[in-house]
Amino acid sequence: MDKSKIRNFCIIAHIDHGKSTLSDRIIEQTGLLTSREMQNQVLDNMDLERERGITIKSQAVRTVYRAKDGNEYMLNLIDTPGHVDFNYEVSRSLAACDGAILVVDAAQGIEAQTLANVYMALDHDLEIFTVINKIDLPSARPDDVAREVEDVIGIEAMSAPRISAKNGIGIDEVLEGIVHSLPAPSGDEKAPLKALIFDSLYDSYRGVIVFMRIFDGTIRKGTRVHMCATGADVDVVEVGYFGAGQFIPCEELSAGMVGYFTASIKDVRQTMVGDTVTETDNPCAEALPGYKKVTPMVYCGLYPADGRKYPDLRDALEKLQLNDASLFYEPETSIALGFGFRCGFLGLLHLEIVQERLEREYSLDLVTTAPSVIYKIYRTDGDIIELTNPTNMPDPSEIEHMEEPIVRAEIMVTKEYVGSIMTLCQERRGRYLSTEYMEMNRAILRYELPLNEIIYDFFDALKSKSRGYASLDYELKGYETSKLVKLDILVNREEVDALSFIVHADTAYERGRRMCERLKEEIPRQLFEIPIQAAVNSKIIARETVKAMRKDVLAKCYGGDITRKKKLLEKQKEGKKRMRQVGNVEIPQQAFMSVLKLDEE
Amino acid sequence: MGKRIQLYIHIPFCVRKCRYCDFLSFPAQEFEMDMYVRQLIEEIKVQSRFYTDYTVSTIFFGGGTPSILKSVYITNIMSAVYANWVVEASAEISLEANPGTLSQERLLNYKAAGINRLSIGLQSANDTELKVLGRIHSFEDFLTSYEYARDAGFDNINVDLISGIPGQNTDSWKNSLRRVAMLKPEHVSAYSLIVEEGTPFHDIYGSEEGRKLLPDEDTDREMYHATAAILREYGYSRYEISNYARKGCECRHNLGYWTGEEYLGLGLGASSYTMNRRFHVEKDINNYLHIDMNRDITPLYEDVQELTAEDRMSEFMILGLRLTRGVSSAEFAERFGINMIDRYFYDIDKHIRHGLLESNPPYIRLTEKGLDLANVVMQDFV
């Protein structure tokens, strides 16, 4: 295929500005196959695919568009994850493109993620083509928003198509814009193979399906390929491209194209996102820039609510990891919770996604411990430890000093909420950098914040303090020395390891007090009085008491309806099973989670 | 010597549903009551054929409000019982009655029909509390009914009271107890209010916010303890978690429930325990009225549950522990052929150490504290 008839692009937008609706419209209004492919027997191959039942929503789709100039264009739309946790994945998807459609909501205008995504796209030298979406909204102000784009971002936007993806208005204009405003790929088919991995998927029949963009050279069945970063060498079994929901095999893929290959690879960790694929026997001179080994930023303990489900949890994590190379886990034991796993995630959203999948797809009931970032501990003996589990913190006398990760955050908010957001950032130990006012009554606040202050509930607090208007983007800046302490919780005078966490010395008292209060509410009365204490360095800083249970009896006449009475007792007994026995005390599962969300009220 | 059985007869009608009530009862027209009683009498007849080797030791009319029925219905029902069953001469025959439904004439007729024990649902001696509960009567109405009952010759009367009513405090509860005790009924049942799902009370007091409108746990427990103390003053002994009686006046029918006696429930929704099975009658009134029992009795029953030896042991413990005398290891050994302490050693030992159970050979019983926390103990025997 003639490279000048290919367009590789992505859609960038703030969350809810209509990215997926526009993608759907583009797919709807274009075809799946070129006319030449239709004559060949591609369809047979597709049937085969169908028989094997492999139809998975892919991260990329290839469609064919017959433009007004009479030519057929091959459009490769590459999806990008829409959350800061996945910034690296986003950057690799962008690197696979030559251009981007910027979607801006005609009513809301530019948001934090719009900017973050645009800057990232510009970093990758992508041509940007703006569309103003949701013109059907009564509050739409497309001209203002276009001006805002020009002023704030500095790209031409007055001629941007005004569209409504929802109502299918202006989609033709978007398609023509893709063809005429976005560049065709360059590259040399004759040069040694050089392709970028931007995603992968584990399939139980074919092994890992590697999603790639080819910059130079050609790849076909039988090519022996080499992964520059991981060093793996494999023989290609199949190459193909992405139909809507299908993998469509083809003869070969060459420079400028987007597609996939399979090579009976059993482990996604051999094909890391961002790695360069080249030919083993004829390697490219140097790998594509930008590869980074993704490392987890947030850790927490995951435990089965029912200890007997430990093997099930292990199997489920194993399966999830097949598809998620950034998920890390290793076994750990907690005195309070028994056998479980310390898991590492890209961010809190990633954590929540994994947790939800474990609960939904694998029907596991989980207890999650407080998320922790990675702290660096400089010991007096000169050793440096990376701490991911608060329980493992050495004795304070052995610590020379500690460092915690700091992020640089951009918060976009309307002027009226600037004050309350600034207060929030101060409370979270934020260091103010700058404020930039934009047209239309809005501001960008820039802060440096400790990561551990934003991983629990910062986003929720931000939303509630700005009536949902604030948007957030952040990136890791580095490590800084900080006065950190381990806050321990003692229930009935026994330390509950699963409740320990690292906190800044200045907020330890407040945090400890509120944890005690919350636990008092969550732990039901038992036969004896239970003190709940918070301690730092074995010194008690807060205390609450759960009074002894004094009455629990069915003093009602159920007559001969014994079954009913038994059911009530059974229900009570069932409730008891959802408790964790810690020493003599029974602690409900939800108590472990509740202490993470102290800022909700 | 034949086997003994207790009959429970359910009358699912009331003048108006109380706001806390989740029992199977509802207001009805005269003709509906008429149809119901006909079907009930049919059931009494048909059922008797399956229990020819049994004699009836107690009969209990429960509801609903059985005293809503005109006395002729009670007379007819009792005639059907006497005609089809062998009833012991000394059988205890109780009827639940509500103040406001009892006339002198009606009481005399009940007595003539064979009723020898009345259980009057007073619930509170405080008219404001009665209103909150949605009762149709005042305390004054109760006093009148009580007097009529004594006049009619009823020498075995129970009075029901409820503690934990919204707005109630310990003093008003004590007052209710004393005013009732001074009348010297033979028996007092003192229950705690339970906010049951599906009742108007649940809509108000079922939520976290709503619970705050009820007496708090400490007050509730104060009331609970005042109950035993005050009733003791007036000569009542506690023989079950919420039942108190003058000597020899314990309710034999209810004792049967707690000691594993067989009982047959007759009428809408009534529960039975006979021949090692638990089951209950159909709960839909329209279905109930249209069952042709003469042809086939099986459509009458729901949720038939065959009890294993394990189930029976568990029930022996759960039900028996409700009695202040506790469960007898001698009786356990006789019934099940194994040693009770061995069978439940772990749980009995644990609760003795926690001070909830105590040994009083051959009985194991709840301690004072255990009576307050009975569920904690019973859960382990489920």
Side-chain angles (χ1 to χ4, degrees), chain A residues 306 491-492 517-530 532 544-588 590-591 593-594 597 600-601, chain B residues 6 8 10 23 60 62 160 162-164 189-194 196 217-218 220-221 224-225 227 240-243 253-254 256-258 263-265 269-273 278-280 303 305 311 314-315 318-319 322 354-356 366 369-382:
Chain A
D306 174 356
V491 175
N492 204 24
E517 279 171 8
R518 179 58 67 94
L519 284 168
K520 183 192 173 186
E521 286 165 30
E522 294 287 343
I523 298 177
R525 290 185 173 197
Q526 289 166 41
L527 290 179
F528 42 87
E529 190 174 277
I530 306 164
I532 298 172
E544 291 283 340
T545 306
V546 177
K547 285 202 262 174
M549 171 167 58
R550 302 205 294 180
K551 189 175 166 225
D552 182 13
V553 57
L554 285 176
K556 181 181 168 172
C557 174
Y558 287 96
D561 195 355
I562 306 302
T563 316
R564 175 141 178 231
K565 205 175 312 186
K566 274 204 293 194
K567 273 185 191 148
L568 284 167
L569 287 171
E570 268 159 19
K571 208 170 139 194
Q572 245 183 339
K573 197 176 180 179
E574 223 18 71
K576 228 176 179 176
K577 272 196 199 148
R578 283 192 295 271
M579 306 247 218
R580 280 285 174 165
Q581 183 93 27
V582 178
N584 276 328
V585 182
E586 281 163 338
I587 305 180
Q590 78 227 32
M593 259 83 93
S594 72
K597 303 209 165 163
E600 267 178 5
E601 61 268 21
Chain B
Q6 310 191 144
Y8 172 81
H10 192 67
F23 289 109
F60 194 102
D160 278 348
I162 290 185
S163 67
S189 294
Y191 300 116
S192 292
L193 178 75
I194 294 181
E196 300 279 6
E217 196 190 87
D218 292 342
D220 189 54
R221 183 163 166 274
Y224 194 67
H225 283 188
T227 312
E240 194 259 359
I241 284 173
S242 38
N243 284 289
H253 186 85
N254 281 336
Y257 289 149
W258 300 313
Y263 54 91
L264 179 67
S271 299
S272 298
Y273 171 55
R278 291 205 179 275
F279 51 89
H280 65 82
D303 302 336
Q305 219 190 328
D311 292 334
S314 154
E315 289 187 356
I318 296 170
L319 297 169
R322 292 190 70 87
H354 289 166
L356 300 181
L366 291 170
K369 188 177 171 192
L371 286 166
D372 288 358
L373 300 167
N375 288 351
V376 176
V377 178
M378 290 172 185
Q379 268 169 46
D380 286 330
F381 296 101
V382 168

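Residue numbers begin at 1 in each chain, while the letters A, B, ... track the order of the sequences.
- A/Arg550 has no carboxylate O lying under 4.0 Å from a charged side-chain N of B/Asp220, or vice versa, which leaves the two without a salt bridge.
- Of the two parts of B/Ile318, only the side chain, counted from C-beta on, holds a non-hydrogen atom closer than 4.5 Å to a non-hydrogen atom of chain A.
- When all heavy atoms of B/Tyr263 and A/Gly560 are compared, the pair lying nearest together is OH-O, 2.7 Å.
- Proximity to chain A is limited to the backbone of B/Leu371, based on heavy atoms less than 4.5 angstrom apart.
- The shortest heavy-atom contact between A/Lys551 and B/Ser192 is NZ-OG, 3.3 Å.
- Put simply, of B/Leu356, B/Val376, B/Ile162, B/Asn254, the one with the most heavy-atom pairs under 4.5 Å next to chain A is B/Val376.
- Across every non-hydrogen atom of B/Met378 and A/Leu569, the tightest pair is CB-CD1, 3.8 Å.
- Side-chain atoms of B/Asp372 and A/Val553, non-hydrogen and from C-beta on, never get closer than 4.5 Å to each other.
- B/Asp303 does not touch chain A: none of its heavy atoms, backbone or side chain, sits under 4.5 Å away.
- For B/Tyr224, the part lying near chain A is the side chain, with the backbone staying farther off; criterion is any non-hydrogen pair under 4.5 Å.
- Note that CE of A/Met549 is 9.0 Å distant from CG of B/Asn375, once rounded to the nearest 0.5 Å.
- Ion pairing between a basic and an acidic side chain is recognised when a charged N comes within 4.0 Å of a carboxylate O; B/Glu217 and A/Lys547 show no such pairing.
- The part of B/Phe23 that comes within reach of chain A is its side chain, from C-beta onward, which places non-hydrogen atoms under 4.5 angstrom from that chain.
- In this structure, chain A has no heavy atom under 4.5 Å from any part of B/Gln6.
- B/Tyr191 OH to A/Leu554 CG: the interatomic distance, rounded to the nearest 0.5 Å, is 12.5 Å.
- Between the CG atom of B/Leu373 and the CD atom of A/Gln526 there is a distance of 12.0 Å, given to the nearest 0.5 Å.
- B/Leu193 does not touch chain A: none of its heavy atoms, backbone or side chain, sits under 4.5 Å away.
- Here the CZ atom belonging to B/Arg322 is positioned 4.5 Å from the NZ atom belonging to A/Lys565, to the nearest 0.5 angstrom.
- B/Ser271 and A/Asp561 make their closest contact through OG-CA, 3.7 Å (heavy atoms, listed as atom of the first residue, atom of the second, distance).
- Looking at every heavy atom in both residues, B/Gln379 comes nearest to A/Lys573 through O-CD, 3.4 Å.
- There is no contact between B/His280 and chain A, counting heavy-atom distances below 4.5 Å.
- Shown here for A/Leu527 and B/Lys369, the closest heavy-atom pair between the two residues is O-NZ, 4.0 Å.
- For B/Gln305, the part lying near chain A is the side chain, with the backbone staying farther off; criterion is any non-hydrogen pair under 4.5 Å.
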